[in-house]
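Some notes on the structure that comes next.
Values below: all heavy atoms of this structure, side chains included; hydrogens, waters and symmetry mates excluded. Here is the naming used below: chain letters follow the sequence lines, and residue numbers restart at 1 for every chain.
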There are 2 protein chains.
Amino acid sequence: MAEKKPKEAAEGRRERKRRQTRDRIQQAAMTLFLERGFEETTVEDIAEAADVSKRSFFDYFPSKEDVVFAWQDTFAQHLMNAIATRPSDEAAVSAVRHALIETVVIAADQRALAIGDLVNRTPALKARDQLKYAKLEQKLAEALEARSRSQEERRRMRMLAAVVIGMLRVGAERWKEEPKGASFEAFARSLFADLWTMLGELGEEARASTD
Amino acid sequence: MAEKKPKEAAEGRRERKRRQTRDRIQQAAMTLFLERGFEETTVEDIAEAADVSKRSFFDYFPSKEDVVFAWQDTFAQHLMNAIATRPSDEAAVSAVRHALIETVVIAADQRALAIGDLVNRTPALKARDQLKYAKLEQKLAEALEARSRSQEERRRMRMLAAVVIGMLRVGAERWKEEPKGASFEAFARSLFADLWTMLGELGEEARASTD
DNA sequence: GAAAAACCTTGCACTTAATGCAATATTGCA
DNA sequence: TGCAATATTGCATTAAGTGCAAGGTTTTTC
């Protein structure tokens, strides 16, 4: 019945096969999506290409969309790890900066960028993509809060998360206007530099506006 | 065939009737959604209640979801207006603060809050809701950029927009934890106060982190 | 004011995503 | 081996969404 039953599993042939099938479906789906587009690919096409029945497809993924985003879930996991392994006495702004740059550099390969493109030109996917940012923000906030000592600091971390993820979105947009061969890491670093500068200036300005 | 033909229209009986029908459909749909939920309401139910054919429903709205969000589009328009009417020599942070508080206070009536709730407990809607924030951010950035003189300042406005809209999202979450009778305006003001404070502190911290 | 043009509404047929169910096959284990 | 658990599939069904053509209104034109 295809539910993930946590049954003290000792990873038998069954589990392995299941993962293989899942991978095959995902592989087939992404290839087709990138070739001819998301809307233009039917679930039946995918099932065909992965050599399973249409019904089985839905046994592995709850919806067509989920295939695309299951792929991207690793990003959040990476980021959480990166944050967790920063020294615990490091300032939050510094920790998040290092962790995010590190993660982004790992995650931004050719295929990931192509998928980003696909998402961008498919309205239905675009919406869900934004949801992903929201969840990422949530997780980032939690990871940062876990590092905080005071209640005061925890509230601030929620905001920091919002600001940083906001920057990530802006960054994704700006990247498209960057020359093709540009270095991703350099780009990420300059984004953060910009962000810190602007935060300082905005803070300054805000303090000055009295009313 | 039900396309919005911009034909130098002088608002005849046709246009009027069409708008009436549209309103009727929207009214019917929102009432049903709020009564029994989004997924639990079929397009046929809506068409029935609005006394049109199912086919005609799709002549007025491209999808079921669009009924919900067509409603909310007025918010962005309001905000843009509010920004545009601020004195042009006012600091950006101050302008955006006033404009947003003003808009939020107008828009946050009983029905709007109920709809927000509906959106929140319906995954498909939640995704699109996030898209709306993204668009709002885009528009806000444009409105702010229009006020800017230097290239430098324009880049900063993109970030300010991201930060402010991020706060709006955080605010929407925090509001749910607020006591029921609380004043919306007071809440909005305290959010901004928090935001400015934190921006200053974060800016400070960022400047201190040297690497 | 009637014919023509433009537009609106509807019914019908069709495609596709998604779900439930029951039959069948495969695997893990005693 | 044989039994229990799980995987896979086919079939039927619901609901969203689209295309098309027939028939009804409104607006325009002469």
Side-chain angles (χ1 to χ4, degrees), chain A residues 1-25 28-29 32-33 36-70 122-125 127-128, chain B residues 1-25 28-29 32-33 36-70 122-125 127-128:
Chain A
M1 239 71 76
E3 277 301 307
K4 285 179 251 167
K5 264 280 177 62
K7 220 275 176 81
E8 300 299 329
E11 168 73 11
R13 190 204 318 269
R14 226 173 196 139
E15 271 86 356
R16 191 167 49 253
K17 245 188 146 179
R18 199 169 163 77
R19 212 190 336 274
Q20 278 170 6
T21 305
R22 198 187 143 94
D23 281 1
R24 215 170 57 245
I25 293 175
L32 288 174
F33 289 163
R36 23 169 150 150
F38 181 79
E39 313 271 14
E40 290 74 19
T41 307
T42 74
V43 172
E44 211 156 357
D45 293 338
I46 299 168
E48 190 77 13
D51 199 35
V52 292
S53 73
K54 177 187 153 190
R55 193 61 188 77
S56 286
F57 172 92
F58 288 107
D59 227 37
Y60 283 91
F61 296 93
S63 80
K64 214 171 109 181
E65 291 184 7
D66 280 279
V67 183
V68 179
F69 294 100
T122 313
L125 296 181
R128 260 201 82 161
Chain B
M1 235 73 73
E3 277 301 306
K4 286 180 249 167
K5 264 279 178 62
K7 220 273 175 80
E8 300 299 330
E11 169 72 11
R13 190 201 319 269
R14 227 176 195 133
E15 269 86 355
R16 190 165 51 254
K17 248 187 145 179
R18 200 169 163 78
R19 213 191 335 276
Q20 278 170 6
T21 305
R22 198 187 143 93
D23 280 2
R24 216 170 58 245
I25 293 176
L32 287 174
F33 290 162
R36 24 169 150 150
F38 181 79
E39 314 271 14
E40 290 74 19
T41 307
T42 74
V43 172
E44 211 156 359
D45 293 339
I46 300 167
E48 190 78 12
D51 200 36
V52 291
S53 73
K54 178 188 151 192
R55 194 61 189 77
S56 286
F57 172 92
F58 288 107
D59 226 36
Y60 283 90
F61 296 93
S63 82
K64 216 171 107 181
E65 291 184 7
D66 281 280
V67 183
V68 180
F69 293 101
T122 312
L125 295 181
R128 259 200 83 158

For this session: Would you mind classifying the nucleic acid contact of B:Lys64 as base, sugar-phosphate or nothing, using non-hydrogen atoms under 4.0 angstrom?
Result: sugar-phosphate
For this session: Check whether any side-chain nitrogen or oxygen of A:Tyr60 sits under 4.0 Å from OP1 or OP2 of D:dA7, and answer yes or no.
Result: no
Problem set entry | CG (A:Asp51) with more than 12 external heavy atoms under 6.0 Å | no
Seminar exercise, completed: Picking from C:dT9, D:dA16, D:dT8, the nucleotide nearest the side-chain atoms of B:Thr21 would be C:dT9
Exercise. D:dT26 phosphate, OP1 or OP2: any side-chain N/O from B:Arg18 under 4.0 angstrom?
Worked result: no
For this session: Would you kindly give the CZ-to-C1' distance between B:Arg16 and C:dC8, to the nearest whole Å?
Result: 16 Å
Exercise. Hey, does the side-chain of B:Arg55 have a donor or acceptor N/O within less than 3.5 Å of a partner on the base of D:dG19?
Worked result: yes
Exercise. Which distance, rounded to the nearest 0.5 Å, do you find between the CD1 of A:Ile25 and the CZ of A:Phe58?
Worked result: 10.5 Å
For this session: Take B:Ser63 and B:Asp66, measure what side-chain hydrogen bond (donor to acceptor under 3.5 Å, both in side chains) needs, and give me the verdict at the end.
Result: CA-CA 5 Å; B:Ser63 82; B:Asp66 281 280; 2.7 Å; yes
Exercise. Tell me: CG of A:Asp59 to P of C:dA17, nearest whole Å?
Worked result: 17 Å
Exercise. For B:Ser56, which contact category applies under a 4.0 Å heavy-atom criterion: base, sugar-phosphate, or nothing?
Worked result: base
Exercise. Can you check whether A:Lys54 has a side-chain N or O nearer than 4.0 Å to OP1 or OP2 of D:dT9?
Worked result: no
For this session: Give the nucleotide from the list D:dG17, C:dA18, D:dT8 with an atom nearest to the side chain of A:Ser63.
Result: C:dA18
Exercise. Looking only at atom types and distance, does a side-chain atom of B:Arg24 sit under 3.5 Å from a main-chain N or O of B:Ala50, one as donor and one as acceptor?
Worked result: yes
Problem set entry | Gap between atoms CZ and P, on B:Phe61 and C:dT9 respectively (whole Å) | 13 Å
Exercise. So does A:Ser53 get a side-chain nitrogen or oxygen closer than 4.0 Å to the phosphate oxygens (OP1/OP2) of D:dT9?
Worked result: yes
Exercise. More than 12 non-hydrogen atoms from neighbouring residues, nucleotides or ligands closer than 6.0 Å to CD on A:Glu65, yes or no?
Worked result: yes
For this session: Provide, to the nearest angstrom, the distance between the CD atom belonging to B:Glu40 and the P atom belonging to D:dT14.
Result: 17 Å
Problem set entry | Atom-to-atom span, CD of B:Glu39 to C1' of C:dT19 - whole angstrom | 13 Å
For this session: Would you mind reading off the distance between B:Phe57 atom CZ and C:dC8 atom C1', rounded to a whole angstrom?
Result: 17 Å
Exercise. Taking atom P of D:dG17 as reference, at what distance in whole Å does atom CG of B:Asp66 sit?
Worked result: 8 Å
Seminar exercise, completed: B:Lys17 atom NZ is separated from C:dT10 atom C1', nearest whole Å, by 14 Å
